[in-house]
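Values below: all heavy atoms of this structure, side chains included; hydrogens, waters and symmetry mates excluded. Computed from a predicted model, the values in this text were never measured in an experiment.
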Amino acid sequence: MASETTITIDPHVHSEGSYDGHEPVELLLAQASDIGLDGIVVTDHDTIRESLRAAELAPEYGLVGVPGVEVSTAAGHLLAIGVEERPEPHRPLDETVAEIRDSGGVAVVPHPFQRTRHGVRKGRITDCDAIEVYNSWIFTGYRNRRARQFAARNDYPGVAASDAHSAKYLGRAYTELTVEGASSKADIDRDHVVRAFTDGDAEIHGHRQPLYRSVRHYALGAGRKVGHGVAGSVPSFARF
């Protein structure tokens, strides 16, 4: 019988390397370790430098190291998880998805349909590896439900993420992955995580940010062009 291990990952986190992030990757990694996550993916906007450093440092914190980036495409934002080079921004969505796969990564559409946050519109999602069906920055549960329904109708795996911009909100949403071919968490590397996301054998967990934080986040998103061309239960470690 093939061995398998379950891990918890927050796959959408911003560091001070991002225009809207606030804290160094060391603090994010320490917080992830303290609250009991097995890994995070630092996905700064259109820059991968700090994410590569976070992935390299992760084992020192007992975490799986997985680099990534939130890249601006012509259709909206896209998470490139497991890549070691940033895809060229502002290219067509499908071309960017193909480049991410060719680089050994997985392409995830974050906060879909949300125009104020440069989410990809429903009619423009023609190819990806997964949909972010739970984002803890959502103002109400409606958009998360829409994303979940869209993913189910189109047979896309779903993931959950905090989209944290500071350490204290990290882990408010996360994805629980079943990793095949690993007998312990110590055996798991980036490739295991990418395959697990692609296989879609995941459970989502999370709850939303405080209302006042979500309102502020939406206001900032509505007023800024970010280089853009055109539910389950929550364990004790996620409660702050």
Side-chain angles (χ1 to χ4, degrees), residues 10-14 18-21 41-47 68-81 83 86-100 105-165 169 172-175 197 200 202 204 206-209 211 213-231:
D10 188 342
H12 186 180
V13 176
H14 295 277
S18 193
Y19 80 91
D20 54 355
V41 186
V42 173
T43 52
D44 293 331
H45 289 285
D46 295 322
T47 176
V69 59
E70 185 169 1
V71 62
S72 301
T73 77
H77 290 178
L78 184 67
L79 299 180
I81 296 174
V83 301
R86 183 204 66 179
E88 187 67 25
H90 313 305
R91 295 171 59 205
L93 179 68
D94 291 356
E95 289 183 15
T96 309
V97 169
E99 180 181 352
I100 292 168
V106 58
V108 179
V109 175
H111 41 72
F113 325 140
Q114 298 178 56
R115 296 179 63 182
T116 59
R117 301 179 66 200
H118 309 295
V120 182
R121 298 184 184 184
K122 181 168 60 175
R124 304 192 71 175
I125 302 176
T126 57
D127 188 23
C128 66
D129 296 311
I131 301 287
E132 190 179 73
V133 300
Y134 196 104
N135 180 295
S136 65
W137 280 107
I138 300 301
F139 189 68
T140 71
Y142 170 69
R143 295 188 183 275
N144 278 335
R145 290 194 298 272
R146 281 190 66 202
R148 187 162 56 247
Q149 291 164 0
F150 176 84
R153 283 197 306 269
N154 293 277
D155 200 28
Y156 288 122
V159 306
S162 70
D163 197 359
H165 291 67
Y169 294 113
R172 281 185 172 264
Y174 65 95
T175 303
F197 272 118
I204 63 170
H207 61 170
R208 296 195 298 274
Q209 305 287 0
L211 181 61
R213 295 283 301 179
S214 294
V215 170
R216 182 173 182 273
H217 196 66
Y218 267 73
L220 290 172
R224 180 188 286 116
K225 297 294 184 183
V226 194
H228 174 222
V230 189

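When atom types are taken as modelled, the side chain of Asn135 and the backbone of Trp137 share a donor-acceptor pair closer than 3.5 angstrom. Formation of a donor-acceptor pair under 3.5 Å by the Asp127 side chain with backbone atoms of Asp94 is not found in this model. Of the possible donor and acceptor atoms, one in the side chain of Asp46 sits under 3.5 Å from a partner among the backbone N and O of Ser72. Remark: side-chain polar atoms of Ser162 are not paired, donor with acceptor, to backbone N or O of Ser136 under 3.5 angstrom.
Using a 4.5 Å heavy-atom threshold, the side chains of Leu78 and Val120 count as separate. The shortest side-chain heavy-atom distance between His111 and Arg143 does not fall under the 4.5 Å cut-off. Phe197 is not listed as a side-chain neighbour of Asp129, based on a closest heavy-atom distance of 4.5 Å or more.
Residue Asp163 holds its CG atom at 7.0 Å from OG1 of Thr43, rounded to the nearest 0.5 Å. Between atom CZ of residue Arg153 and atom CZ of residue Arg148 there is a gap of 12.0 Å, rounded to the nearest 0.5 Å. Ile131 contributes atom CD1, which lies 4.5 Å from atom CD1 of Ile125 (distance to the nearest 0.5 angstrom). The CD atom of Glu95 sits 11.5 Å away from atom CD of Glu88, with the distance rounded to the nearest 0.5 Å. Within the model, atoms OG1 of Thr175 and CD of Glu132 stand 8.0 Å from one another, a figure rounded to the nearest 0.5 Å. Annotation: the span from Arg86 atom CZ to Glu99 atom CD amounts to 9.5 Å, rounded to 0.5 Å.
Nearest approach of Val71 to Pro87, heavy atoms of both residues: CG2-O, 3.6 Å. For Pro11 against Leu79, the heavy-atom pair with the smallest separation is O-CD1, 4.0 Å. Contact between Ala147 and Pro112 at its shortest, heavy atoms only, is CB-CG, 3.6 Å. The two residues Val159 and Ala130 make their nearest non-hydrogen contact at CG1-CB, 4.1 Å.
Taking the side-chain hydrogen bond (donor to acceptor under 3.5 Å, both in side chains) definition, one finds that Gln149 meets it with nothing, sequence neighbours left out. In this structure Thr47 satisfies the side chain to side chain contact (heavy atoms under 4.5 Å, CB included) test together with Asp44, Arg49, sequence neighbours excluded.
Taking the six-membered ring for Trp and thresholds of 30 and 60 degrees, Phe113 and Phe150 have ring planes more than 60 degrees apart, a perpendicular arrangement.
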